[in-house]
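Written out below as structure tokens is the structure these notes cover.
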Amino acid sequence: MPDSLPHREEEIRTLARILITSLKGDTPSNIMIYGMTGTGKTVVSKLLMKALQDKSEILENQYFSFFMDIHSTFMPTWLDNALREAVSFLGIEELFGREVIRDIFKPVKCIYINCQQMDTQYRVLTQIANRLTPFNDEDRLPVSGLPMDEVHSRLLGKLDSSDSLIIIILDEVDRLVFKSGDDVLYTLTRINEELSNSRVSLLGISNNLHFLEYLDSRVKSSLGAEELVFHPYNANQLRDILKQRSEEAFYPEAIDYDVISYCAALAAQENGDARKALDILRVSAEMAERDHSPKLSDIYVRQAQKKIEMDRVNQVVRTLPLQTKLVLYSILQLKLGGRIKTTTKEVVETYSNYAQRLDLTVLGRRQVVNLMGELDKLGLIQSKVISFGRHGRTTVVEANVPSTEILNNLHNGILSRLKGIRPRLIYNTSF
Ligand SMILES: Nc1ncnc2c1ncn2[C@@H]1O[C@H](COP(=O)(O)OP(=O)(O)OP(=O)(O)O)[C@@H](O)[C@H]1O
Ligand SMILES: [Mg+2]
């Protein structure tokens, strides 16, 4: 994790304010963070949680007040500052006086759950319970097999076993809801009603802005009590992020400011994603190192961008179902044969020939067109309807990916039997 997070100071301050209110021991509110991929949602939440937990441990173990400990060496000053600001914002010191502060802050425990991995109600609830249980304890819940009401009551017991504030981060929570419905959120948003000692606060993270609309209205108003949006970074912000990260990772003479700006500009064009920007910089540095090049230049950055894009496409292609692969395969073979643009008719015909050769079920035209729609959504092909006036309309299809490389990737498993078999180009096309 980086030491500091440039251009997220405001978001950190806001989150800290909300969470400090929770620390005070009132019924805490839940928070939803939204933002596109690579906007720092996960890293900000994790860093802040760590800071809160560290603070809480200091409070608990060493009997320090929040304020006496302001120059703590336990965490970076910028985080300290954010917390201090949040505390003074609330005016807690004036309100209660220093001595009682320790008493009104409950110990904090933070539990981070990635809902892409923990994607059912059972898994999420047992995971929370087990995070509150020592590793070798016999009382840990099994990964499957218990009835839900037992999971529920044992979770309640664990949560309520000490007088603390438990912050549960549900990262990528939209995936959990789309996979398993909102029962688990219903349970968690109401759990405070059943607790007498502890308090639970939820921090949901999603990159789907409309995700709350899919929820039961009670869950929706509870989980979305506070909302925070992380906006994509612009090129200048990405440049600062890369600069700071590269200072941690490179010798200053190995990297030019221009190269950093170039990486930032490329990533800014692609939705302001910091992960993408860091990936481009990392892969280009690896390439330069492999060449024993003392300096990282634009050429490596361009190569790196190409490589990352090809890796992404190959990854998508590898996971396609067989019939969809075969439709893509047909379009790419047509492209290799000179048809930069082709028609649905030609794709269907080529596909049918290949499917017969492989003894696969031959899908009908409509099904093939549906699969082409899927490929279009994934950005692998592009189809467009062209009108010829009174001569009717036709759909023109074009592959968005390089044919040779992707065909090589597709030539394994059953499709390798098609190697060297060219499609027949029978139609006259002019578009
Ligand atoms: N302001 C920043 N300063 C330094 N590094 C950052 C900053 N924002 C993001 N990063 C880095 O960029 C990468 C992506 O960030 P993060 O994982 O937090 O994104 P995210 O919003 O959670 O994306 P996703 O929606 O895909 O999960 C991480 O390596 C993170 O450390
Ligand atoms: Mg994330």
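Every value quoted in this text rests on a predicted model; they were computed, and no experiment measured them. Computed from heavy atoms alone, side chains included, the values below leave out hydrogens, waters and symmetry copies. In listed order, ligands and their atoms are each counted from 1.
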Note the single closest protein heavy atom to [atom], along with its residue, its atom name and the distance in Å.
atom	answer
atom 4 (C) of ligand 1	I241 CG2, 3.4 Å
atom 26 (O) of ligand 1	T37 OG1, 2.4 Å
atom 17 (O) of ligand 1	R275 NH2, 3.0 Å
atom 18 (O) of ligand 1	V43 N, 2.9 Å
atom 3 (N) of ligand 1	P6 CD, 3.2 Å
atom 21 (O) of ligand 1	K41 NZ, 2.7 Å
atom 19 (O) of ligand 1	G40 N, 3.3 Å

[X] and [Y]: side-chain donor and acceptor closer than 3.5 Å?
X	Y	result
S196	D160	yes
Y262	R302	yes
T37	N207	no

Open item on the list: Just to check, does R245 reach to within less than 4.0 Å of ligand 1 when the distance is taken from its heavy atoms?
Closed with: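 R245: in contact with ligand 1 (<4.0 Å).
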Open item on the list: Please determine whether any non-hydrogen atom of G38 lies less than 4.0 Å from an atom of ligand 1.
Closed with: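 Yes, that is the case, since the closest heavy atom of the residue is under 4.0 Å from the ligand.
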Report the part of [X] (side chain from C-beta onward, or backbone N, CA, C, O) that has a heavy atom under 4.0 Å from ligand 1; answer both or neither where that applies.
X	value
Y233	side chain
N207	side chain
T42	both

Open item on the list: So, applying side-chain contact (heavy atoms from CB on, under 4.5 Å) with I111, which one of I166, N130, I167, L170 is it?
Closed with: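 With I111 as partner, side-chain contact (heavy atoms from CB on, under 4.5 Å) holds for just one option, I166.
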Open item on the list: Please check whether R8 reaches ligand 1 - meaning an N/O of the residue sits under 3.5 Å from an N/O of the ligand, judged on distance alone.
Closed with: no
- [ ] Look only at the side chain of Y351 and the backbone of L363, and say whether a donor-acceptor pair between them is shorter than 3.5 Å.
- [x] yes
TODO: Return yes when at least one N/O/S atom of N207 is nearer than 2.8 Å to the Mg ion (ligand 2), and no when none is.
DONE: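 Checking the Mg ion (ligand 2) against N207, no N, O or S atom falls under 2.8 Å.
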Open item on the list: What I want to find out is whether D119 reaches R175 closely enough, with some N-O distance under 4.0 Å, to be called a salt bridge.
Closed with: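 Looking at D119 and R175, the cut-off is not met.
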TODO: Give the numbers and elements of all ligand 1 atoms closer than 4.0 Å to a heavy atom of L278.
DONE: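 Those qualifying, in numeric order: 11 (C), 12 (O), 29 (O).
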- [ ] Could you tell me which atoms of ligand 1, counted from 1 in the order shown, lie closer than 4.0 angstrom to a heavy atom of A274?
- [x] 9 (C), 10 (N), 12 (O)
- [ ] Measure from atom 28 (C) of ligand 1 to the protein's non-hydrogen atoms and state whether any distance is below 4.0 Å.
- [x] no
TODO: Would you check, one step at a time, whether the test ring-ring contact (aromatic ring centres under 6.0 Å, His included) holds for F230 with Y34?
DONE: CA-CA 6 Å; F230 282 29; Y34 300 101; over 10 Å; no
Any idea which heavy atoms bring [X] and [Y] closest together, and the distance?
X	Y	answer
V177	L185	CG2-CD1, 3.5 Å
S330	V347	CB-O, 4.3 Å
M36	K41	O-NZ, 3.0 Å

TODO: Carefully, step by step, assess L415 and L418 under the rule side chain to side chain contact (heavy atoms under 4.5 Å, CB included).
DONE: CA-CA 6 Å; L415 295 189; L418 297 175; 4.1 Å; yes
